[in-house]
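Quick notes on the structure that follows.
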Amino acid sequence: MDGSQITLDDLSNAPDLDTLTERLAAKGMTPGWIPREQPILWPEPSTDFTPAHWKWGECRAAMDGAGKLIGTDLAERRNLILRNPVEGNDVATARTLVNAYQTILPGEEARSHRHAPHALRVILESEGAWSVVNGDKHPMNTGDIVLTPGWCWHGHGHDGQDQAYWLDGLDVPMVHLMEPMFVEEHPDGMEPIEKTTSDSPYRFTWDMTQSKLDKATPDPDGFFGRRIAYDTSDSMPTIGIYVQRWDAGFQARPYRCAANFVYCVMQGEGRSVIDGETVDWSFGDTFVVPMWKRVEHSASQDSVLFSMTDEHVMRFCKYWRFEALD
Ligand code: 1HN
């Protein structure tokens, strides 16, 4: 029906609901009361995102394969995106987050760009790789966590001897949803390096994480174990960071919460049962705990896990909920 033909009288005096609905459709309206294939509201979160798991051995081998076949001249970022196997999804690892494993060869440079999405890296194997963030060269050595907040120029390079590997984490899917996407290539290719930082708010070294963990006490309720948070509220408020240290034999209480989590194993081995699916994790693995899925973590060896989450967004929006499940 051509909406421009519809008069005020057609709208105010439709003979029946079906006719009114048709006329509404032509005017860009839909009744809120009709049943829908996808309802507007539902009783509790029921995401299609799955508790996916990527194993380090396979991902590292694939990065080695990519390292032989493509250089950073062609692949500005030689990264492997961890796509959650949801129909129609090509990017997101969890609903609001994307993760990728990235590798760089000694002597290579991955030129600088900047974009609206916030990004971070968890360094899995590196001696001598670096990220330049707004002109400051940030060393990226094994165990470091390096931030590149939105719209900061960033490029990567490698002065060491051995291929370097890390996990990237960004809020790209959230930017896709909200649509404030901007991206720009640096006019010089690799941005000029002004200095090497020794003390940057964007770099959390392995030693820094360990000494914070040494001082942390396990949460009294037993859900998270010994866990520290890095404060990203000023730099990148969409991505919260926790690092947890679970000793061999640690068994967490099961819970579910209204936030998405991606974990990356920095040390050790253990098992997380997520929505009935068992994830046996070890060094370098990445796994996802989607929104409102029951999770029960345990460690069989002394372990350190990085995690990133949209929890703070949920809290800011006042959507946050947490439920014990034992
Ligand atoms: C990105 O810009 C980087 O700059 C890494 O290193 C991973 C994944 C998706 C979109 C942009 C980087 C990325 C990315």
Side-chain angles (χ1 to χ4, degrees), residues 49 52 54 59-60 62-63 66-67 70-84 86 89-105 108-126 128-141 144-159 163-191 193 200 202-204 232 235-236 238-239 241 260 262 264 284 286 288 306 308 310:
F49 277 75
W54 291 267
C59 298
R60 190 181 186 281
M63 282 188 277
I70 189 160
T72 47
D73 48 342
L74 291 176
E76 185 180 339
R77 298 294 185 260
R78 190 193 288 106
N79 55 12
L80 306 175
I81 307 254
L82 309 185
R83 85 163 262 278
N84 195 289
V86 186
N89 173 48
D90 184 34
V91 173
T93 306
R95 171 63 77 189
T96 57
L97 302 168
V98 61
N99 291 84
Y101 285 107
Q102 184 169 166
T103 186
I104 190 164
L105 303 175
E108 272 187 334
E109 286 194 344
R111 57 193 177 274
S112 296
H113 66 192
R114 60 181 176 179
H115 40 65
H118 302 297
L120 59 78
R121 347 235 152 242
V122 183
I123 315 308
L124 293 167
E125 263 186 61
S126 163
W130 44 267
S131 245
V132 52
V133 185
N134 279 350
D136 290 352
K137 187 171 171 178
H138 289 63
M140 296 200 296
N141 295 323
D144 292 350
I145 298 165
V146 174
L147 310 185
T148 55
W151 215 240
C152 289
W153 292 112
H154 58 283
H156 316 305
H158 192 2
D159 301 334
Q163 188 165 349
Y165 309 83
W166 63 83
L167 182 79
D168 297 305
L170 301 91
D171 60 358
V172 162
M174 186 165 333
V175 176
H176 285 177
L177 173 72
M178 299 198 291
E179 300 193 323
M181 181 63 84
F182 296 93
V183 62
E184 204 169 85
E185 303 300 316
H186 196 282
D188 303 334
M190 175 58 72
E191 66 190 283
I193 295 172
S200 163
Y202 300 155
R203 178 171 180 235
F204 311 127
T232 53
S235 53
M236 32 198 290
T238 51
I239 307 179
I241 298 175
N260 297 288
V262 178
C264 182
T286 297
V288 181
F306 163 90
M308 53 187 272
D310 55 18

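In each ligand, atom 1 is the first atom listed, and ligand 1 is the first ligand listed.
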Looking only at protein heavy atoms, identify the closest one to [atom] and say how far it is in Å.
{"atom": "atom 5 (C) of ligand 1", "value": "D168 OD2, 3.3 Å"}
{"atom": "atom 9 (C) of ligand 1", "value": "I81 CD1, 4.0 Å"}
{"atom": "atom 12 (C) of ligand 1", "value": "R77 NE, 2.9 Å"}

Problem set entry | Pair K137 + D159, salt bridge at N-O below 4.0 Å |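 A salt bridge links K137 with D159.
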
For this session: Pick whichever of R121, Q102, H115 has a heavy atom sitting closest to atom 2 (O) of ligand 1.
Result: H115

Problem set entry | 4.0 Å heavy-atom contact, H156 with ligand 1 | yes

Exercise. What atoms of ligand 1 come within less than 4.0 Å of a heavy atom belonging to H113?
Worked result: 2 (O), 4 (O)

Exercise. What atoms in ligand 1 come closer than 4.0 Å to a heavy atom of N79?
Worked result: 5 (C), 7 (C), 8 (C), 13 (C)

Exercise. Would you say the side chains of T148 and R114 form a donor-acceptor pair under 3.5 Å?
Worked result: no

For this session: Give a yes-or-no answer on whether the side chains of H186 and H113 include a donor-acceptor pair shorter than 3.5 Å.
Result: no

Exercise. Is it the side chain (CB and beyond), the backbone, both or neither of L170 that lies under 4.0 Å from ligand 1, heavy atoms counted?
Worked result: side chain

Problem set entry | Heavy-atom pair with the smallest gap, counting every atom of P173 and A94 |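 What the structure gives for the nearest pair is CG-O, 4.2 Å.
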
Problem set entry | Flag, side chain of H118 to backbone of P149, donor-acceptor distance under 3.5 Å |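 Judged by distance alone, no pair lies under 3.5 Å.
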
Problem set entry | Any donor-acceptor pair under 3.5 Å from S112 side chain to W153 backbone | no

